[in-house]
Amino acid sequence: MVNEPEPQHAVGGGDDGRYAHFWPHPESDARLTTAGDPCNVTLFFNVFNVPLSSGILERRCLLAPRSIGRHGAPVERADMADASSIFPGAWAEWRSLKVALTEAQPDGAVVELSGAEIVIQALVDEGVEIVFGYPGGSVLHIYDALFKQGSLKHILVRHEQAAAHAADGYASATGKCGVCLVTSGPGATNAVTGIATAYMDSIPMVVLTGQVPTPFIGSDAFQEVDTVGITRPCVKHNFLVKDVRDLAMTIRKAFHIATTGRPGPVVIDIPKDVTDPNIKIPYVYPREIKMRSYNPVEKGHPGQIRKAVDLMLEAKRPVFYTGGGVVLGDGSAQLTELAHATGFPVTSTLMGLGAFPMTDRQFIGMLGMHGTYEANMAMHETDVLIAIGARFDDRVTGKIEHFCPHARIIHIDVDPSSIAKNVKVDVPIVGQVASVLADMLRLYQERKPSSPEAPVAEWWTKINEWRGLDCLKYDRSSAAIKPQFAVETLYKVTNGELYLTSDVGQHQMFAAQFHPFDKPRRWINSGGLGTMGYGLPAAMGVQLAHPEAQVACISGDASILMCIQELATCQQYRLPIKVVLLNNGYMGMVRQWQELFYESRYSHSYVDALPDFVKLSESFGHVGMRIERPEDLEDAMREAFAMRDRFVFLDVIVDPTENVYPMIMAGKGHHEMQLSPSHSDRELA
Amino acid sequence: MRHIIAVLLENEAGALSRVAGLFSARGYNIESLTVAPTDDPTLSRMTLVTTGNDEIVEQIKKQLNKLVDTVKLLDLSEGSHIEREMMMVKVRAERQDREELKRLADIFRANIIDVTDTSYVIEMTGASKKLDAFIDALPEGLIIEVVRSGPTGIARGAKGLTLS
Ligand SMILES: Cc1cc2nc3c(=O)[nH]c(=O)nc-3n(C[C@H](O)[C@H](O)[C@H](O)COP(=O)(O)OP(=O)(O)OC[C@H]3O[C@@H](n4cnc5c(N)ncnc54)[C@H](O)[C@@H]3O)c2cc1C
Ligand SMILES: Cc1ncc(C[n+]2csc(CCOP(=O)(O)OP(=O)(O)O)c2C)c(N)n1
Ligand SMILES: [Mg+2]
């Protein structure tokens, strides 16, 4: 242990003439005085020594730089104390302050920064708190600038794919822009899967990639790839910055593009020479941004909204079909209000789950390939379909010729190219969900019939009949743990307060069917690309965004191995995530298709030679638990979730033969669902 | 149906490849594509010719508009417009064919812009169909090489496809 040194005064000079070290006295407020000329004093960063389980002290930079005025100004003890609140469980052995002494400058003076410093400062000015990244040659200048600051928290992942997924999870859970930083060549290509995943689900993200120095571009230089070319088809936009003077503006544009309109990932490729620490230029972060070529629509056209409300007032069998756009556009409150005002049933896509409370009676379940009987039958019979922030994906529509054969369709979407892409619509409305829904509600309230429920009462009778079929029922007396039961137990144990991320496969569908979400941004998964390996790193992003929240990742025995290295990241940052592995010994979703369509020829869908997940987790310093009997499950889960500060890996051995039902087979319509074998044909008729 | 679409793009390095990439990634037809900077050097103007049914062309236009570099777009085929394409044809021009070739060039208002003992280069500008007709009219076997710019177009009338 290092003794707390005596109070000291900072004197100009420091490491490189700009910094000075000083140690405040533990009992009293420190007072900074500087020798020589008057200067501005900035508390630059705190260095904390955090003891790891191995006994090693780790240096961490925790606090934001803050200007504390001219020399002689007191340093508040609070400036140092709040470090422990950032890292719960960490304690300081000793602390030191590093102060930057900059020459006194008149107010409004322009600072001079290098490209690397501009990257960091622009992110700070953008309000970014966390960057997920992995260093390498072409981003070393940026990493050095990162080291010298205290505002941005950098999370070191163990694979660049995970950096992108974690940024995606962070963005999904908060609505803010996710940020990642990777090196050129393999760093960038490793991130591509994560970028494509975010692109398909319209997740706001800015990805900074290093590039070889500009004079080397095109020469097949070491770790050179055409990042802009490789990522072009899976980003909303991308940039190659060739001049340090364009850096700040490009970063501003990237955030603007990523977060407005239909959100999406934006890549900024930054050659190493652009971040040269020796070339400093005046830095001003542009506040305003106007792009003549990019002007996303906000408000919906009043005439179109009026037409939509007309249709809604006439409707006998209306359905709200809501999607990820309601979550992305924070339109949950408006949707809920409109749904309650109209009394219409609500169904949601996989990506929209939680935007309307799933435990509400008006919610009739997810629709589509593995949607509920009542939701899909309602789609087939509806006369007015109100699609909101949903993109008529093929998993949702089934065979287009059979899609909503009786309906007139209203479609609200911020992206004109989503409208009438797969299905013709009668009333297109381009605009932000929240604004359009608020306008719709106002108009509907003005003109609504005296007893709102009356016109759709008959429709509800019909829907409740379909509901009576209980399409999700499964064998509750099974001696093996049924995956559905595992999900139900997870819901029970966490009281509906969970943030749940998912990998891809049967477990994902079971989670969507059996875990109701009553709030948006709680259910976080890869829908569009269906990327196995997404769940664990996404959960890291969620946990970092909400340190106090309960975060779990539901996964499969095949998916989890695709980003298993992140167990190390979870250990380093003490992320108390709970992994719930539905271990069926198969790529269950693949096995199901092979059983149904390939006469049970299980070609390479068996996950042979699985590791011992308990030991594996333990070797990373986590808690591992294996659960094999239904009667043990609830207690085990309670025990796991009671460990609020530990990462727990629950290896739940489930029935390997279980399939996901209902299911719409390829080429079939919504009314031609296949129910689980526990439903006899008689019930269907 | 054939559509000729004019697009004003930011004159940025990657803009052209974004358009080309869009067409190949989404499997749209592209018959020709021409692009050059405009009088405003920050803008390029692209003319592209594509075919497809109404729904596909509608999607193409939406997708083009969605590109962050796209400033403005106009489907020229929706209104009355003028199209011009430039072509250069290198032909074998031995003594016995020279007169015939010159006469043809005159009829089509084409110009002979390069002459050697054995060849001509004939330059011609016009609607694409007219260029096709000229090629058909050239005597069998004389064509050495044909190079065409692809059509560019402009709407008739006083209104222009400009920033304001
Ligand atoms: C194994 C597997 C099985 C699946 N099975 C199903 C299934 O049974 N049912 C199902 O539904 N899905 C299923 N999916 C998911 C499916 O592939 C699609 O990802 C999903 O259906 C798309 O959801 P969405 O239509 O809500 O669109 P999203 O991808 O969420 O797109 C959002 C839409 O909203 C728009 N938008 C975005 N922001 C705004 C805003 N602010 N205002 C207005 N509009 C906005 C966007 O332009 C876009 O059109 C499955 C996926 C996997 C991997
Ligand atoms: C990266 C990637 N590769 C392949 C697939 C195809 N795929 C979809 S589900 C699945 C099996 C998933 O198995 P597991 O994680 O064990 O989940 P289960 O279906 O058994 O619940 C596969 C291989 C995919 N979605 N992503
Ligand atoms: Mg499995």
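Throughout, a chain's letter reflects where its sequence line sits, starting with A, and its residues are numbered from 1. In what follows, every heavy atom counts, from backbone to side chain, and hydrogens, waters and symmetry copies are set aside. Being a predicted model, the structure only gives us computed values, none of them experimental.
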Problem - Steps toward side-chain contact (heavy atoms from CB on, under 4.5 Å) verdict (A/Asn238, B/Arg18) - result: CA-CA 10 Å; A/Asn238 57 20; B/Arg18 282 181 219 284; 2.9 Å; yes
Problem - Among B/Gly14, B/Ser17, B/Ala13, B/Gly21, residue most engaged with chain A (heavy-atom pairs, under 4.5 Å) - result: B/Ser17
Using a 6.0 Å cut-off, check whether atom [atom1] of [X] has over 12 heavy atoms from anything other than its own residue.
X: B/Asn53; atom1: CG; answer: yes
X: B/Ile154; atom1: CD1; answer: no
X: A/Phe216; atom1: CZ; answer: no
X: B/Lys66; atom1: NZ; answer: yes
X: B/Lys130; atom1: NZ; answer: yes
X: A/Asp220; atom1: CG; answer: no
X: B/Arg98; atom1: CZ; answer: yes
X: A/Lys242; atom1: NZ; answer: no

Atom pair [atom1]/[atom2] of [X] and [Y] - distance to nearest 0.5 Å:
X: B/Glu55; Y: A/Asn422; atom1: CD; atom2: CG; value: 11.5 Å
X: A/Arg232; Y: B/Leu67; atom1: CZ; atom2: CG; value: 10.5 Å
X: A/Ser417; Y: B/Arg26; atom1: OG; atom2: CZ; value: 6.5 Å
X: A/Met291; Y: B/Glu10; atom1: CE; atom2: CD; value: 7.0 Å

Handout entry: Among B/Asp69, B/Val71, B/Val68, the one residue meeting side chain to side chain contact (heavy atoms under 4.5 Å, CB included) with A/Tyr294
Key = B/Val68
Quick one: what part of [X] sits under 4.5 Å from any heavy atom of chain A, side chain, backbone, both or neither?
X: B/Thr70; answer: backbone
X: B/Thr42; answer: both
X: B/Leu163; answer: side chain

Exercise for the section: Kindly indicate whether the side chain of B/Leu43, heavy atoms from C-beta on, has any atom under 4.5 Å from the side chain of A/Arg292. Expected result: yes
Given a strict heavy-atom distance threshold of 4.5 Å, which part of [X] is in contact with chain B: side chain, backbone, both, or neither?
X: A/Asn295; answer: neither
X: A/Lys253; answer: neither
X: A/Leu240; answer: neither

Practice task
Mind listing the closest non-hydrogen atom pair of A/Ala420 and B/Lys62 along with its distance?
Solution key: CB-NZ, 4.2 Å
